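We number each residue from 1, following the sequence as shown. Computed from a prediction, not measured in an experiment: that's the story for all the values here.
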Amino acid sequence: MHTVVVEPSGAGADDVLAVARGGARVELSPAALDGIAAARKIVDDLAGGPDPVYGVSTGFGALAVRHVDPALRGRLQHSLVVSHAAGMGPRVEREVVRALMFLRLKTLASGYTGVRPVVAETMAAVLNAGITPVVHEYGSLGCSGDLAPLAHCAQVLMGEGEAEGPDGTVRPAAELLAEAGIEPVVLREKEGLALINGTDGMLGMLVMACADLERLFTSADIAAALTLEALMGTERVLAPELHAVRPHPGQAASAGNMRRVLAGSGLTGRHQSGIDGLPAAPRVQDAYSVRCAPQVAGAGRDTLAHARLVAERELAAAVDNPLVLPDGRVESNGNFHGAPVGYVLDFLAVAVADLGSISERRTDRLLDANRSHGLPPFLAHDPGVDSGLMIAQYTQAALVSENKRLAVPASVDSIPSSAMQEDHVSMGWSAARKLRTAIGNLTRIVAVELVAATRALEIRENTLGRGPVLSPAARAVVAAVRGAGVAGPGTDRFTAPDLAAAEAFVGQGRLVAAAEGVTGPLA
């Protein structure tokens, strides 16, 4: 199995995905262990001194003014974790918890947190044993760290709370640690605080969202190209010289993808002349949802590029409070504030909502006999006897509407906590949670457009019946969609399983793979 070596310098997005989704093992490098030990020596020296040091010999938050007796400091760290493990609501996904734990381990390995090496080693062992703490939906305000989510993970390191074992069964953490041969950690000065002060949950979800959206933006370009072809639109709006005069890189990439999918099509532009028995229907230009597809998807791509930049910076960061500096200082700071991550999570939700919106408008155009240029109403096999894709578009519209609601930013909100000590928070965890829902919805929205476009293309080919009509890429996609179990236009059978199959086809990257089998790598 692939092993990710955790270094003091941080981690890459690929490392997060490998651990969170691929189940990769983790290993602390010798340099990381040396750095952890060096920072711990500083904490131990300060703990033995007379001066109060935040997080080492004092309380926390609004209680930071209290100096804590050395005999009570272990109890203080334990109490901190247990009291903060107060999440509520449904469990969050296993991949989110693994990403969260790996990213907290990444910060422990930076040498800025002051924990003992055994704390980091135990966290790595829990990940490698396939033990996943039970973390709940609610409990993070995105400031002072993703507190409740991280506290539920820290609790498991201590042999308390509940976790999911490698077999998927939720059991007491103590049992799972014992079976894996992992000794629970007894926390000392600074360690409880170091385990819960981080943006790890929201960052993990941002990294995974970026990976998912990279695939979805390409999928949306393919679906848009197929719709343009099915509507016999003009590909001339995709000419590179047109996009060069408005030099947004995402726009150029989307237009390039669409051009490559449409290469060799016998349908684009046919509406101008009325050949092959079709009535002449001169159109100077296509509707915005078709003509402006690269501009909308491209703006989303550029937003994604910015989000990736923020994620890369955060992946290189050590987020904790206080930080143990190499010169021996232990300094309180505000690096745990989730604003940088929360903003881009919300920005991505806006782009996701708009991409879904333009996709639905293209689908509606394919189904409307007054605007589809010769296609049957709702792409039905026998219009009037069956409804075709009418209600599939209703479902798509409901998803678009929900994504518009989810695009309302969470990061503009703040609610004070901790007796007004924590009086401005980021709500970054909430921004991440709603973005995950929106991305799932976008996958379904693109899947509905794909179903409509491929049915329309087959109808065009069956109607025209003269030589190669579809582009080679479109023909490959249609064949792959049918091979995935989605019903074609020659039948009145179309049910929810067809949409589920289409959703999986898009979500698992098979749409991109089918097109790239002809076009080569797409942007």
Side-chain angles (χ1 to χ4, degrees), residues 215-216 218-233 257-258 260-268 359-360 362-367 372-383 385-393 395-396 442-520 522:
R215 179 187 66 250
L216 275 173
T218 304
S219 298
D221 290 340
I222 296 167
L226 299 181
T227 296
L228 184 152
E229 187 171 13
L231 291 172
M232 299 185 299
N257 284 346
M258 291 181 67
R260 294 176 67 181
V261 172
L262 290 168
S265 172
L267 282 175
T268 54
S359 174
E360 182 275 332
R362 290 191 294 263
T363 302
D364 180 68
R365 186 164 289 270
L366 286 167
L367 304 188
S372 66
H373 309 288
L375 293 169
F378 305 107
L379 302 178
H381 172 58
D382 187 1
V385 174
D386 69 87
S387 299
L389 297 178
M390 178 193 293
I391 307 305
Q393 185 266 331
T395 299
Q396 189 187 40
L442 179 61
T443 303
R444 300 178 187 103
I445 291 164
V446 173
V448 174
E449 181 182 5
L450 175 66
V451 170
T454 52
R455 290 188 74 167
L457 287 168
E458 285 190 321
I459 291 170
R460 291 290 193 209
E461 190 164 48
N462 292 338
T463 301
L464 298 174
R466 297 185 184 179
V469 175
L470 307 187
S471 69
R475 188 176 300 280
V477 169
V478 170
V481 169
R482 298 296 166 251
V486 183
T491 174
D492 59 2
R493 184 193 75 80
F494 188 82
T495 60
D498 292 286
L499 287 177
E503 178 188 350
F505 187 77
V506 173
Q508 295 170 4
R510 286 183 281 162
L511 170 58
V512 175
E516 288 185 333
V518 175
T519 64
L522 296 170

Test side-chain contact (heavy atoms from CB on, under 4.5 Å) applied to V486 and R455, step by step: CA-CA 10 Å; V486 183; R455 290 188 74 167; over 6 Å; no

Working to the nearest 0.5 angstrom, can you tell me the gap between L231 CG and T268 OG1? 12.0 Å

Looking at every heavy atom in both P377 and P383, which two are closest together, and how far apart are they? CD-CG, 3.8 Å

Partner set under side chain to side chain contact (heavy atoms under 4.5 Å, CB included) for A230, not counting sequence neighbours: L366, A456, L457

Residue pairs involving residues 222-231 (criterion salt bridge (charged side-chain N to carboxylate O under 4.0 Å, His left out); sequence neighbours excluded): none

Decide side-chain contact (heavy atoms from CB on, under 4.5 Å) for L389 and V451; before the verdict, give the C-alpha distance in whole Å, the side-chain angles of both, and the deciding distance to 0.1 Å. CA-CA 9 Å; L389 297 178; V451 170; 4.0 Å; yes

Under the side-chain contact (heavy atoms from CB on, under 4.5 Å) rule, what do S265 and L470 come out as? Steps first, then yes or no, please. CA-CA 5 Å; S265 172; L470 307 187; over 6 Å; no

Main chain of T227, side chain of R362: is a donor-acceptor contact present, judged purely on distance under 3.5 Å? no

Checking R444 side chain against E503 main chain: does a donor-acceptor pair fall under 3.5 Å? no

Spacing of OG belonging to S387 relative to CG belonging to D382, to within rounding of 0.5 Å: 11.0 Å

Under a 4.5 Å cut-off applied to non-hydrogen side-chain atoms, are L375 and R460 in contact? yes

Write down the atom of V261, the atom of A473, and the distance for their closest heavy-atom approach. O-CB, 3.5 Å

First locate atom CD of E458, then atom CZ of R475, and finally report the distance between them rounded to the nearest 0.5 Å. 9.5 Å

Please report the interatomic distance NE2(H373) to CZ(R365), rounded to the nearest 0.5 Å. 6.5 Å

Please enumerate all residues that pass side chain to side chain contact (heavy atoms under 4.5 Å, CB included) together with F505, with sequence neighbours excluded. L450, A480, V481, A484, R510, L511, A514

How far apart are the closest heavy atoms of P472 and A263, and which atoms are they? CD-O, 3.2 Å

Nearest heavy-atom contact between S359 and E449 is OG-OE1, 2.7 Å

Within the 4.5 Å heavy-atom criterion, are D364 and Q396 side-chain neighbours or not? no

Of all heavy-atom pairs linking A452 and L367, the shortest is CB-CD2, 4.5 Å

Taking E516 for its side chain and L522 for its backbone only, find out whether a donor-acceptor pair lies under 3.5 Å. yes

Please answer whether the main-chain N or O of T495 pairs with a side-chain N or O of D498 as donor and acceptor at a distance below 3.5 Å. yes

Closest non-hydrogen contact found for A474 with L226 is CB-CD2, 3.6 Å

The reported gap from CD in Q393 to CD1 in I391 (rounded to nearest 0.5 angstrom) is 8.5 Å

Take L228 and L262, measure what side-chain contact (heavy atoms from CB on, under 4.5 Å) needs, and give me the verdict at the end. CA-CA 9 Å; L228 184 152; L262 290 168; 3.8 Å; yes

